[in-house]
Amino acid sequence: MATDTASLVLGIETTCDETAAAVVERRSDGSGRILSNIVHSQIEDHAPFGGVVPEIAARAHVDLLDGIVARAMQQAAVNFKNLSGVAAAAGPGLIGGVIVGLTTAKAIALVHNTPLIAVNHLEAHALTPRLTDALAFPYCLFLASGGHTQIVAVLGVGNYVRLGTTVDDAMGEAFDKVAKMLGLPYPGGPQVERAAASGDAERFAFPRPMLGRPDANFSLSGLKTAVRNEASRLSPLEPQDINDLCAGFQAAALESTADRLHVGLRIFRERFGAPHALVAAGGVAANQAIRGALQQVATAAGTQFMIPPPALCTDNGAMIAWAGAERLALGLVDSLEFAPRARWLLDANVTTPAKFANTRAGF
């Protein structure tokens, strides 16, 4: 049964290399407030390996999570007995980390007789602008991270339609792989952006993947291979070569992304009407060049561009707590038997309102 009373929800995030916990309040009018948001990044643990090592990540979550939950509760100045619910990212993600976070949430829920909400990590990203900007449904989400690149129609809590997705590499993954092949340190995305700022984007004729296609899907594998081929041809690389390769890669990725989003927004309007906003989420949204390109896309489409603060674009506990609070307000809670998921599609097995039913054919 849905409830209109204010709620306090503890959120736990452990799907990758951030160990995070937060307490969020959802008021009766649907607005939200972050009472605490503690995030510990494991970048230093994984940097020597050039990427996230799942076993190291899981062990760090085990070591850190209890203390981070305690800090989040202390900073929020609430007791476990005050909580309306406890939410955990139950997938998708590295299964070892997902198990740690979900098991911790189950223990808290059991001991304190508190409702458990198993949150889809992607749904948490999708609902974040409702926490930060009270954004009304429906809106169009561009989710770009190390593991995901998707265009999603956000129609309501638990109601999503994927309009486009990557057919190979995720955007963040491609940036990281290009950085690694060019000898740039981990995490690679910010390093590519920094090098690109001093590079010549027109030196190399890199492909613009999927440009002009009628669907809204992405592909970055071929672009990544083109960068590798040029780097091999020029080896050994001079610093300016690296800058130019990064600039050319980023420019190609941005042009392709803008084209894909133009198509995605057109499909959105055809199926659901005008979106209230184009929203960007995920770690890649912190890239300033990408932000600029997305703003231009939104302006051309006649809609507003919205992006949460950088701390809420990357993985964090507040987005999990908020998604939990949104679901709790609709009476959507889970049993202690809920199983962690390494894979969990955002748009799978959703209930479609009658007004949108005829638009879902083929999904």
Side-chain angles (χ1 to χ4, degrees), residues 3 5-43 57 60-90 93 97-98 100-121 123-135 157 281-283 285-286 307-329 333:
T3 175
T5 59
S7 60
L8 289 174
V9 176
L10 168 68
I12 295 172
E13 161 58 32
T14 56
T15 58
C16 193
D17 60 340
E18 281 89 14
T19 311
V23 178
V24 166
E25 178 188 47
R26 185 184 186 279
R27 305 184 184 96
S28 57
D29 63 359
S31 63
R33 182 167 65 107
I34 299 172
L35 303 184
S36 64
N37 192 24
I38 309 298
V39 181
H40 176 87
S41 173
Q42 301 175 14
I43 286 177
H61 293 314
V62 170
D63 292 341
L64 295 167
L65 185 55
D66 286 351
I68 287 175
V69 168
R71 287 173 59 194
M73 294 293 289
Q74 182 179 27
Q75 188 176 106
V78 299
N79 297 316
F80 286 107
K81 66 181 181 180
N82 302 131
L83 294 176
S84 308
V86 54
V98 174
V100 173
L102 184 57
T103 300
T104 300
K106 287 179 178 181
I108 294 171
L110 180 63
V111 170
H112 299 282
N113 194 29
T114 302
L116 171 74
I117 307 100
V119 170
N120 184 315
H121 175 91
E123 180 172 42
H125 278 301
L127 295 177
T128 296
R130 289 176 52 77
L131 167 62
T132 57
D133 296 279
L135 182 61
V157 176
I307 185 168
L312 297 182
C313 284
T314 52
D315 295 350
N316 63 90
M319 71 179 194
I320 304 300
W322 177 252
E326 290 264 72
R327 295 184 67 82
L328 182 64
V333 299

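Keep in mind that this is a model prediction, so the values were computed, not measured.
- Side chain of E13 to backbone of T15: a donor-acceptor contact under 3.5 angstrom is found.
- Closest of all the heavy-atom pairs between G324 and I117 is CA-CG2, 3.9 Å.
- A distance-only check finds a donor-acceptor pair linking the side chain of R130 to the backbone of L135 [under 3.5 Å].
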Item to check | Residues H121, V98; criterion side-chain contact (heavy atoms from CB on, under 4.5 Å); working and verdict | outcome: CA-CA 10 Å; H121 175 91; V98 174; over 6 Å; no

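- A search for side chain to side chain donor-acceptor pair (under 3.5 Å) contacts involving N316 returns nothing, not counting sequence neighbours.
- Note that OG1 of T314 is 8.0 Å distant from CE of M319, once rounded to the nearest 0.5 Å.
- Partner of I68 under the side chain to side chain contact (heavy atoms under 4.5 Å, CB included) criterion, chosen from V39, I12, I38: I38.
- Here the closest heavy-atom approach between residue I320 and residue A87 is recorded as O-CB, 3.7 Å.
- For R71, there are no salt bridge (Lys or Arg N to Asp or Glu O under 4.0 Å) partners, not counting sequence neighbours.
- Here the closest non-hydrogen pair linking L328 and S84 is CD2-O, 3.6 Å.
- Between the side chains of T19 and H40, no donor-acceptor pair of N or O atoms lies under 3.5 Å.
- Of the possible donor and acceptor atoms, none in the side chain of H112 sits under 3.5 Å from a partner among the backbone N and O of G85.
- Rounding to the nearest 0.5 Å gives a distance of 12.0 Å between CH2 of W322 and CZ of R33.
- A donor-acceptor distance shorter than 3.5 angstrom exists from the side chain of D29 to the backbone of S31, with no hydrogens or angles considered.
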Checklist entry - Hey, mind stepping through V78 and L10 against side-chain contact (heavy atoms from CB on, under 4.5 Å) and telling me if it holds? => result CA-CA 10 Å; V78 299; L10 168 68; over 6 Å; no

For residues 101-109, run the donor-acceptor check on the side chains, cut-off 3.5 Å, and write out each pair with its distance to 0.1 Å, sequence neighbours left out.
residue, atom, partner, partner atom, Å
T103, OG1, I99, O, 2.7
T104, OG1, V100, O, 2.9
K106, NZ, L336, O, 3.1
K106, NZ, F338, O, 2.6

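- In plain terms, the two heavy atoms of A323 and V119 that are nearest each other are CB-CG1, 3.7 Å.
- M73 places none of its side-chain heavy atoms less than 4.5 Å from the side chain of N79.
- No side-chain heavy atom of F80 sits less than 4.5 Å from a side-chain heavy atom of V86.
- Heavy-atom minimum distance, S36 versus A22: O-CB, 3.0 Å.
- In this structure, the side chain of T14 engages the main chain of G97 through a donor-acceptor pair within 3.5 Å.
- Residues A318 and V24 share a closest heavy-atom pair of O-CG2, 3.8 Å.
- For the pair R327/V157, a side-chain contact is recorded, criterion being any heavy-atom separation below 4.5 Å from C-beta on.
- In terms of modelled atom types and a separation under 3.5 Å, the side chain of D315 and the main chain of E18 share no donor-acceptor contact.
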Item to check | Worked verdict on K81 versus T114 for side-chain contact (heavy atoms from CB on, under 4.5 Å) | outcome: CA-CA 8 Å; K81 66 181 181 180; T114 302; over 6 Å; no

